[in-house]
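The block underneath contains the structure these notes are about, expressed in structure tokens.
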Amino acid sequence: MKTIDLINILNQQEKEKIGFVLETQGKTELKKLWKHFQTAGFTEEKIDKNELIQQLKDRPVQPSDNQYLRTRLSQLNKFIEHFLVAEHHNANQSEADFSREDTLLRIFLARRHYSLFEKSWNRLFKQAERQQCHDQLAQLYKLYFEYVRYHQGVDIEKLKKVKPLLQKAIQQNWFHFLETHGHLAYAMAYTDRVLHAAGQAKASNAPAPVPELGQSSDWPLHIRFLFDWGESYYLRGEEKIGKLEQLLERHEQTLRFPLEKKQQQAYILATIALEYFFMEAYQDADVYYQKVFKLIGKVPEPYFLDILFNYFSNLLAIGQFRKAAGYFHQYEAAIMQSPKHAFRFQFLAALAHLFLDETSEAFEVMSQEIYQLPEYESVYGRILVAFIYYQWQEYEQTERELQNLLQKIRYKAPPFPDIESTARLFLKFLRLIDKPLDRKAKQVELQGLLEEIDAAATPAHNVFLLKCLRKEVERF
């Protein structure tokens, strides 16, 4: 029921405010509806429609009352939607130019009610496509990209689906420009004709031409900024960092609102830091991440958690395991509310504790239902479980876990080359421990194993797992 879905994304303060507004505005039937939902604990399972109609009508239910109830529920839905939009606009004055539908979609995203977002997006998309609303279509395509980018994680299949949508968005945006230009050209032609007829202007024989885009140096600053920001994603290394540093110098001039400036500054700094991370210049990356964290309170949550995750990875790369684990526990409540981020953070936090030999803490961080996780997460979770068993000196259980994991990868899962490589090297290490060799011969084989681990630590593999294994081999 849509009414229940809408109510469930409200916080307690908003529910109380809606109840107060309905009470003071004298909306009798909506007030009765709201009180009934409140009594039922706002859960669909406890809603008895016949009982609800009886309360509204004060008489037994009749066949025609079903339509009456649907109408009243629709009115309550619209009331809640208008309330959400008004509250959002009050809190975000710079976004007041978005339409009601766009704002609702953004609210559904911000509150992570993805089923409501997808249903509403599909409905609006069909409507905009049917009516050839080019500006609305461009906005919807752009918003769908934000949904995939910031709420669904790096999903290759979804990105494949998004790419043609973005191409259509660019096309629709151009159509919107041409449509607007056509209206203005008509207005110009009409004005020319009337002024000529009145003897106030010379006759014009040509319509207003479609303007050339011209050189980017002639564009307004905020438009140049957007295009340069996009262009930077096609660059790599020092060239990309140089471009971003230029944007950093110009961003103050391009944005209208102080909050936007702080957010944009944080995004640019975080992107520079991430590029240094890809270059394996981890200390340089750390310098920029520290700058980002001075602005982090200005960054909205989905973006903030992305930045925090990248910073977390860099902290592990420079060996600051205590600081990384501390950040996880500091922001754990927000992390665990985000399906996109929860396991990724748990994985790195557990690794941080393993590097610190805090085995029990690593075990507590990992989900207790590790075998019920989705396949991708389960595979990565189980390799960590093997490390936990090893640090507890349960070597037989460690070997059993690794064998089962390799079996799962071989026959059921998609390829996991980093997990398979780590698991096989780990098994080799376990068997070397029990191998009947004198100390010198064993040291020679252990050195050979360390060289294999180093050779396997390519950018395509999870380097942190191999570093954790290397630590255990060196310590042995």
Side-chain angles (χ1 to χ4, degrees), residues 1-124 143 147 151 259 297 300-302 304 333-339:
M1 183 187 287
K2 183 179 179 180
T3 308
I4 296 294
D5 286 338
L6 285 169
I7 289 171
N8 283 337
I9 67 172
L10 298 170
N11 59 40
Q12 188 58 37
Q13 187 178 3
E14 288 168 337
K15 289 175 183 176
E16 290 171 3
K17 196 167 184 178
I18 285 178
F20 175 77
V21 172
L22 290 172
E23 192 75 33
T24 55
Q25 289 187 359
K27 298 180 181 292
T28 307
E29 290 181 326
L30 294 187
K31 184 168 63 177
K32 286 182 179 180
L33 260 180
W34 181 261
K35 285 186 175 178
H36 186 85
F37 282 116
Q38 197 169 30
T39 303
F42 300 116
T43 58
E44 190 163 355
E45 295 77 17
K46 296 182 181 178
I47 299 298
D48 185 322
K49 291 186 178 180
N50 289 335
E51 182 184 341
L52 189 50
I53 292 170
Q54 285 178 350
Q55 283 194 19
L56 291 172
K57 288 283 197 178
D58 293 322
R59 61 165 172 73
V61 178
Q62 297 177 3
S64 61
D65 288 335
N66 284 327
Q67 180 58 45
Y68 166 84
L69 180 59
R70 282 195 293 270
T71 301
R72 295 296 171 267
L73 287 171
S74 177
Q75 288 174 345
L76 182 58
N77 292 346
K78 287 178 181 176
F79 181 89
I80 296 171
E81 288 174 349
H82 282 298
F83 170 85
L84 284 168
V85 172
E87 289 291 296
H88 184 80
H89 282 165
N90 287 338
N92 301 275
Q93 291 298 324
S94 65
E95 294 183 11
D97 55 333
F98 286 116
S99 69
R100 172 181 170 276
E101 290 82 4
D102 286 332
T103 302
L104 272 172
L105 286 173
R106 291 174 186 279
I107 291 169
F108 295 154
L109 272 188
R111 303 190 182 202
R112 301 191 185 94
H113 205 302
Y114 300 133
S115 63
L116 269 178
F117 171 82
E118 290 187 356
K119 288 174 187 174
S120 299
W121 189 93
N122 286 325
R123 176 179 57 79
L124 287 172
L143 195 56
Y147 165 55
H151 295 267
L259 179 58
E301 191 172 285
F304 159 66
I335 288 167
M336 299 312 293
Q337 288 175 11
S338 173

Quick one, [X] and [Y] - any side-chain contact, counting heavy atoms below 4.5 Å?
{"X": "L105", "Y": "L109", "answer": "no"}
{"X": "E81", "Y": "V85", "answer": "no"}
{"X": "L84", "Y": "T103", "answer": "no"}
{"X": "F108", "Y": "L6", "answer": "yes"}

Spacing of [atom1] belonging to [X] relative to [atom2] belonging to [Y], to within rounding of 0.5 Å:
{"X": "Y147", "Y": "R106", "atom1": "OH", "atom2": "CZ", "answer": "15.0 Å"}
{"X": "I7", "Y": "L76", "atom1": "CD1", "atom2": "CG", "answer": "6.0 Å"}
{"X": "F83", "Y": "L10", "atom1": "CZ", "atom2": "CG", "answer": "7.0 Å"}

Listed partners of E14 passing salt bridge (charged side-chain N to carboxylate O under 4.0 Å, His left out), at least two apart:
R111

Can you see which heavy atom on D5 is nearest to which on H113, and at what distance?
OD1-NE2, 3.8 Å

Partners of T3 by side chain to side chain donor-acceptor pair (under 3.5 Å), sequence neighbours excluded?
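N77.
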
Tell me, please, which residues at least two apart from K78 pass side chain to side chain donor-acceptor pair (under 3.5 Å).
none

